[in-house]
Amino acid sequence: MTRILRSLRDGIGFDVLLVIIALSYLLVFAGLPLIYNVIISFQTVDVFSLGTLWNPNAGFDNYRAIFDDPLAGRVLWQTIVFTLGSVALQFTFGFALALFFHQNFTGATWIRGLFLAAWVMPGLVVGVLWNWLLSGDFGVINHLLESLGLIEDPVFWRSNVETSLYAVLIANIWYGTPFNMILLAVGLAAIPGDLYEAAELDGANAFQRFWTITLPMMRATIGAVLALGIIFTLQQFDLFAAITQGGPAGSSTVAQYWSWQLSFREFDFGRGAVISVLMIIVVLFVSLIYVRSTKAETQL
């Protein structure tokens, strides 16, 4: 023990101690709950037996019940639409803003900071904000659309089965765009300016410089942004809770919200855990693709 304390006091092994603390934290607060979630997905668990590790074995009955549920196909499609729509538009708007602020005009840094303020707000606060904006009676969105002559009657975004999912989608795009902008702006800043100057001397126009320099040089950054976008979008819960609560009639229910409904409204923790396990598999697959793409990038 004296030898260990002396090594820590001298700085030797201090980095190992920090790694052990971090790994212990992940094991206790992430690893063990993850393992328990996988275990209860094969068990029959209700609110009275949730704290028990060994519950009646259900085999693959919970998995079969999820796939046989009439709502499963609809939830899967809505999750795909919400995820791909959010990631694509967050990336597009974020990249456009990153390119715009990369021009380094007067006040660019301050204005970019204002955009970031939207991302640091809690999800429930953003949800309440967009709940008001999308209100059919007094919402600002309807007022703007009516002023522009795009609609004649108010659109009840949150309570219409055809628009409820898109109401949350719009809010999530606004919420996640600043994060994409910041990451992409960092990638743009890492590109040497000499490359653009040389290409401009060779007669390349703005689009050609973007296509042949910006995109190839930002391959790793773009991969990271898209991978993180998918992971964060699959974790999005607060906006659904604040805006639509998965309704009406399940028209805005996605996988993560359905898992919560099964677990904490119907108290069927086994089926709720099944959805979580399936989502973890998707996240691991996305993470694997990202790691392999960045590994190939570093070996070039």
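One-based numbering along the sequence shown.
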(Q) Pair Ile66, Leu262 - check side-chain contact (heavy atoms from CB on, under 4.5 Å), show working. (A) CA-CA 10 Å; Ile66 288 296; Leu262 290 173; 3.7 Å; yes

Q | Derivation and outcome, side-chain contact (heavy atoms from CB on, under 4.5 Å), residues Thr221 and Val186 | A | CA-CA 9 Å; Thr221 303; Val186 173; over 6 Å; no

Q: Applying side-chain contact (heavy atoms from CB on, under 4.5 Å), run through Gln256 and Gln235 and close with a yes or a no.
A: CA-CA 7 Å; Gln256 58 268 35; Gln235 293 177 339; over 6 Å; no

Q. Do Thr177 and Ile173 pass the side-chain contact (heavy atoms from CB on, under 4.5 Å) test, and can you show the C-alpha distance, the side-chain angles, and the key distance before you say yes or no?
A. CA-CA 6 Å; Thr177 295; Ile173 293 169; 3.8 Å; yes

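You'll find the ring centres of Tyr166 and Trp157 outside the 6.0 Å limit. In this structure, Phe67 has its ring center at least 6.0 angstrom away from the ring center of Tyr63. Aromatic ring centres of Phe95 and Phe100: separated by at least 6.0 Å.
Residues Gln236 and Leu239 approach most closely at OE1-N, 3.1 Å, considering heavy atoms. Arg158 and Leu134 get closest at one heavy-atom pair: NE-O, 4.1 Å. Between Asn55 and Gln43, the shortest heavy-atom distance links the atoms ND2-OE1, 3.1 Å. Residues Ala249 and Arg74 share a closest heavy-atom pair of O-NH1, 3.1 Å. Summarising the geometry of Leu169 relative to Ser86, their closest heavy-atom pair is CD1-OG, 3.1 Å, with the distance given to 0.1 Å. Of all heavy-atom pairs between Leu32 and Val28, the closest is CB-O, 3.9 Å.
A heavy-atom distance below 4.5 Å is found between the side chains of Phe138 and Ser135. Side-chain contact check for Leu183 versus Leu228: some heavy-atom pair is nearer than 4.5 Å. You'll find the side chain of Phe82 reaches within 4.5 Å of the side chain of Phe240, heavy atoms only. You'll find the side chain of Phe93 stays beyond 4.5 Å of the side chain of Asn180, heavy atoms only. The side-chain heavy atoms of Trp174 and Val126, taken from C-beta on, include a pair separated by under 4.5 Å. Counting heavy atoms from C-beta outward, Asn160 and Val155 have side chains that stay 4.5 Å or more apart. Between Gln90 and Tyr175, the closest side-chain pair of non-hydrogen atoms is not below 4.5 Å. In this structure, Gln78 and Ser252 have side chains that are not in contact, with every pair of non-hydrogen atoms separated by 4.5 Å or more.
The side-chain contact (heavy atoms from CB on, under 4.5 Å) test with Met217 singles out one residue from Ile222, Leu195, Leu188, and that residue is Leu195.
No path of Ile, Leu, Val, Met, Phe, Trp and Tyr side chains, each step under 4.5 Å between heavy atoms, connects Ile280 with Val282, placing them in separate hydrophobic clusters. By the rule that hydrophobic residues join a cluster once side-chain heavy atoms approach within less than 4.5 Å of another member, Leu133 and Leu144 end up as members of one cluster. By the rule that hydrophobic residues join a cluster once side-chain heavy atoms approach within less than 4.5 Å of another member, Leu114 and Val125 end up as members of separate clusters. Phe264 and Val45 fall within a single hydrophobic cluster, where Ile, Leu, Val, Met, Phe, Trp and Tyr are joined by side-chain heavy atoms under 4.5 Å apart, directly or via other members. Linking Ile, Leu, Val, Met, Phe, Trp and Tyr whenever their side-chain heavy atoms come within less than 4.5 Å leaves Leu278 and Ile80 in two separate clusters.
Note that CG of Leu27 is 10.5 Å distant from CZ of Phe29, once rounded to the nearest 0.5 Å. Interatomic distance, Trp260 CH2 to Gln245 CD, rounded to the nearest 0.5 Å: 8.5 Å. Distance check: Asn57 CG to Ile39 CD1 gives 11.5 Å after rounding to the nearest 0.5 Å. Here the CH2 atom belonging to Trp258 is positioned 9.5 Å from the CG atom belonging to Leu76, to the nearest 0.5 angstrom. The line from CG of Leu165 to CD1 of Ile170 is 10.0 Å long, rounded to the nearest 0.5 Å. How far CD1 of Ile231 is from CE of Met279: 11.0 Å, rounded to the nearest 0.5 Å.
In this structure, a donor-acceptor pair under 3.5 Å is absent between the side chains of Ser41 and Asn62. Counted by atom type alone, Thr214 and Tyr196 present one or more donor-acceptor pairs between their side chains at under 3.5 Å.
Summarising the local packing, CZ of Phe210 is surrounded by more than 12 heavy atoms from other residues, nucleotides or ligands at distances under 6.0 Å. Counting non-hydrogen atoms of other residues, nucleotides and ligands closer than 6.0 Å to CZ of Phe60 gives a total of 12 or fewer.
Proximity of a side-chain donor or acceptor of Asp202 to a complementary backbone N or O of Ala204 within less than 3.5 Å is not detected. Of the possible donor and acceptor atoms, one in the side chain of Thr253 sits under 3.5 Å from a partner among the backbone N and O of Gly246. Gln208 contributes a side-chain N or O that, together with a main-chain N or O of Asn205, makes up a donor-acceptor pair within less than 3.5 Å. Remark: the backbone N or O of Ser164 is not paired with any side-chain donor or acceptor of Glu162 at under 3.5 angstrom. Although no hydrogens or angles enter the test, the distance criterion places no donor-acceptor pair under 3.5 Å between the side chain of Thr233 and the main chain of Thr83.
With sequence neighbours excluded, the residues forming a side chain to side chain contact (heavy atoms under 4.5 Å, CB included) with Trp119 are Leu116, Pro178, Phe179, listed by chain and number. By the side chain to side chain contact (heavy atoms under 4.5 Å, CB included) test, Val128 pairs with Trp132, sequence neighbours left out. For the side chain to side chain contact (heavy atoms under 4.5 Å, CB included) test, residues two or more places apart in sequence or in another chain that qualify with Ile21 are Leu17. Take Leu26 and apply the side chain to side chain contact (heavy atoms under 4.5 Å, CB included) test, not counting sequence neighbours, and it matches no residue.
A side chain to side chain donor-acceptor pair (under 3.5 Å) check over residues 273-284, counting only residues at least two apart or in different chains, returns the pairs Ser259-Ser276. Contacts classified as salt bridge (charged side-chain N to carboxylate O under 4.0 Å, His left out) and involving residues 36-64 (residues at least two apart or in different chains) are given here: Asp61-Arg64.
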